[in-house]
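Basis for what follows: all heavy atoms, side chains included, without hydrogens, waters or symmetry-related copies. Numbers restart at 1 for each chain; the letters A, B, ... are given by sequence-line order, proteins then strands.
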Protein chains: 2
Amino acid sequence: MQDEELANMMRALGHPVRLNILRIIAARTRDCCCADVTQCLPLAQSTVSQHIKVLLEAGLIERRSKGTRNCYVLMHEKILLFENSLGGLTGSLLETE
Amino acid sequence: MQDEELANMMRALGHPVRLNILRIIAARTRDCCCADVTQCLPLAQSTVSQHIKVLLEAGLIERRSKGTRNCYVLMHEKILLFENSLGGLTGSLLETE
DNA sequence: TGCTTATATCGTTACATGACGATGAAACGG
DNA sequence: CCGTTTCATCGTCATGTAACGATATAAGCA
């Protein structure tokens, strides 16, 4: 994964609310829509929607229209790539010990 | 690790230049000072120093004074904690599959 | 068609960030 | 001591971000 993309994903996760949103989406066994997320947070719907957009653009989640609702699911492959890139980063760091 | 701290580290790494700086520091077998880093980047010294400060405040690196120079080394423990927290995050994510 | 629901987007405000040049500070070396 | 080196910090500017309320859009339902 290129640095630019890795940095984008890092930045997307570089906000407590977005970490939270990712966990909320992950924890739902059923569909997870914007209202579900908003209900878990002390933030306005528009603010939550904005955070979701950041996660979308980072490729960490995916949108799926279901009727009038938009549901979100994790992009497992992308997250795995992310994790591996990070492992490579810290791995090479640890080699220098 | 608390979300706030995790998000701070993510944000610190959420910039290509800072990813680069971390790698530069990691790759040096000898002391790594600000000038060394600046030499590797097309940025002003003040800009590099500012980026280094972000990494410092996130606890990813540590400063050690050596004469007139300030040298930087990785905080391996913190980086390991970071990696583990992330593993926990994605791990729980993957469980939902 | 017209209403409701769910959500994205817009417009705004306050504040943070990234970049630079210039300046200040701390530790040598003469 | 005084100059040099090395680096952090300051001041500044342009741009980005986070938050909100208000509005627009798109799909379903009556």
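The phosphate of C:dT17 has neither OP1 nor OP2 within less than 4.0 Å of any side-chain N or O from A:Arg11. Residue A:Thr47 places none of its side-chain N or O atoms closer than 4.0 Å to OP1 or OP2 of D:dA18. Using a 4.0 Å cut-off, some side-chain N or O of B:His51 falls inside it from OP1 or OP2 of C:dA19.
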Distances under 3.5 Å between nitrogen or oxygen atoms of protein and nucleotides 3-7 of chain C:
residue, atom, partner, partner atom, Å
C:dT7, OP1, A:Cys34, N, 3.2
C:dT7, OP2, A:Ala35, N, 2.9

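Here the nucleotide nearest the side chain of A:Ala44, chosen from D:dA18, D:dG21, C:dT9, is D:dG21. Listed candidates were D:dA18, D:dA22, C:dG21. Nearest to the side chain of A:Ser46 is D:dA22.
Here A:Lys78 does not pair with A:Glu83 in a salt bridge; the nearest charged N to carboxylate O distance is not below 4.0 Å.
Screening residues 46-62 of chain B for salt bridge (Lys or Arg N to Asp or Glu O under 4.0 Å) gives B:Glu62-B:Arg64 as the qualifying pairs, with residues at least two apart or on separate chains.
Residue contacts shown for B:Leu43 are limited to sugar-phosphate atoms, with no base heavy atom under 4.0 Å away.
Counting only N and O atoms by type, the side chains of B:Arg23 and B:Asn20 include no donor and acceptor under 3.5 Å apart.
Mapping A:His15 and A:Lys66 onto DNA chain D by nearest heavy atom places A:His15 at the nucleotide closer to the 5' end.
Between B:Cys34 and B:Val37 the shortest side-chain heavy-atom distance does not fall below 4.5 Å.
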